[in-house]
2 protein chains.
Amino acid sequence: MDSTRDRILQAAFEEFYRNGFQGGSLSHIAEKSGATKGALFHYFKNKAELGYAIVEEVIQPSGNERWIDPVKKTSDPVEAIKATFRRNIREDVKNIEMIEHGCPLNNLAQEMSPLDEGFRMRIERSYERWREAIADALERGKQRGQVKKGVGTKEVAALIVACQMGIWGTMRNTKDAELMIQSGEALCSYLDSLKP
Amino acid sequence: MDSTRDRILQAAFEEFYRNGFQGGSLSHIAEKSGATKGALFHYFKNKAELGYAIVEEVIQPSGNERWIDPVKKTSDPVEAIKATFRRNIREDVKNIEMIEHGCPLNNLAQEMSPLDEGFRMRIERSYERWREAIADALERGKQRGQVKKGVGTKEVAALIVACQMGIWGTMRNTKDAELMIQSGEALCSYLDSLKP
DNA sequence: TTGACACCATACCGGCCAGTCGGTATCTTC
DNA sequence: GAAGATACCGACTGGCCGGTATGGTGTCAA
């Protein structure tokens, strides 16, 4: 589908990704999408609603695919999490946009969570689902003897998600691919330490 | 000292901390500091320079005191890092401002690094100094037999700093003190795994 | 044929913002 | 005590922004 609504959504995602939500301009979005402000306000009742739609329709599906699904489907959680981080780091290190602007969900979280409850709720729901998926996978791994008995799966899941936010956030101002790979490998060593 | 310049700096820190740099208003800052726009532009040649001054004169000294000095002075790095995290988590969990708005340096980093090279440089320098301090301390600990031989001190330092960014960033949109304590404890377990 | 409605275009508005500028008061220096 | 520098003051400006009002056009049901 290449409907007007979709084009606006895509242009808005890029505008906000590059300039932040507050810094992004609806006029620019209309222009870039080839539509007009009339069209924009026809589909989204204000700037915030457009932002919410981006979280739910653009960012969340991509996040699920990149981060959550691979963990949900696995039969070996530690290896799956390691592989997911390694793969996503490898991909993003090659992606100049990602190096410059980091993780779109994290960006919105940092900028808008304290200012707008609608954003906070939606973003928090995304991260919570991710934490749950990791904790569940680790719990299953525990029962299979792939994860140490003493490991607090909820705590570890919280830390792993925090690590992702931190690693991607760091890249945003170091612009240093090497550092990202290093911290990724350190995280993998940590994950190995969870094995029996 | 309670000079006009200091009052402006303090008011600006709070305004930007609460509303972000782009969202913060110079008029509000002038008003809140009891000065005027004339005074503000007398001391800072534009909004960006005011932001830079905040990084260097307000945020960095506090960050050194809270995070870097305790690690530099220690004779047991792993325990010092654990204690620093525990203490800062304990402090910030009780601080409603911190829960709502997270780490001031991280906020500025996420918002401004991709948009303004002056911010990026200054912020990156802060984080780099911190990573160095941790890596040095771990290296010293290694020679004293307090840290495993196989540990990559640079990699671990990068991960630890990323964890701080992630944990404080998470708190900002969960507003959940328990989660912060949990991830902090998971980090402490990880740090213990670095011991021989 | 007509009315209703989704879809979009365009001109426009009030408000806020960063930054300017002419002016004044006080303090330093010679 | 003249002259300059420093420390402010506050009205003002031009520009951009989010949002609106209004009207046009194509489609489809009655």
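Below, chain A is the first sequence line, B the second, and so on; all start at residue 1.
The side chain of A:F41 approaches D:dG19 more closely than any other nucleotide in the set C:dA9, D:dG19, C:dA18. Closest to the side chain of A:L26, from the set C:dG19, C:dA9, D:dG18, is D:dG18. Of all nucleotides listed (C:dG19, D:dC9, D:dG19), D:dC9 comes nearest to the side chain of B:A39. Closest to the side chain of B:H28, from the set C:dA18, D:dG19, C:dC17, is C:dC17.
A side-chain donor from one of B:E139 and B:T153 sits under 3.5 Å from a side-chain acceptor of the other. Using a 3.5 Å distance cut-off with no hydrogens or angles, the side chains of A:Q110 and A:N106 do pair a donor with an acceptor. For the residue pair B:N107 / B:R172, a side-chain donor-acceptor distance below 3.5 Å is found, with atom types taken as modelled.
Among the atoms of the strands shown, only primed sugar atoms or phosphate atoms (P, OP1, OP2) are found under 4.0 Å from some heavy atom of B:G24.
Atom CD of A:Q22 is separated from atom C1' of D:dC16 by 15 Å (rounded to the nearest Å). Between the CG atom of B:L40 and the C1' atom of C:dC21 there is a distance of 16 Å, given to the nearest Å. In this structure, B:I29 atom CD1 and C:dG19 atom P are separated by 11 Å, rounded to whole Å. Rounded to an integer number of Å, the gap from CZ of A:F16 to P of D:dC17 is 11 Å. One interatomic measurement links the two molecules: CG of B:N19 to P of C:dC16, which rounds to 14 Å at whole-angstrom precision. Rounded to an integer number of Å, the gap from CG of B:N46 to P of C:dT20 is 8 Å. A straight line from CZ of B:F21 to P of C:dC17 spans 14 Å, rounded to a whole angstrom. Rounded to whole Å, atom C1' of D:dA7 lies 12 Å from atom CZ of B:R7.
Residues A:K37 and B:G34 both approach DNA chain D. Their nearest nucleotides, taken by heavy-atom distance, put B:G34 toward the 5′ side.
Between D:dG10 and B:T36, no contact under 4.0 Å exists linking OP1 or OP2 to a side-chain N or O.
One hydrophobic cluster, built from ILVMFWY side chains closer than 4.5 Å, cannot hold both B:W130 and A:L179; they sit in different ones.
In this structure, A:Y127 has its ring center at least 6.0 angstrom away from the ring center of A:W67. Centroid-to-centroid, the aromatic rings of B:F119 and B:F21 come within less than 6.0 Å.
Partner of A:R122 under the salt bridge (charged side-chain N to carboxylate O under 4.0 Å, His left out) criterion, chosen from A:E117, A:E56, A:E57: A:E56.
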Nucleotide N/O to protein N/O under 3.5 Å, stretch nucleotides 4-7 of chain C:
residue : atom : partner : partner atom : Å
C:dC7   : OP2  : A:H42   : NE2          : 3.3

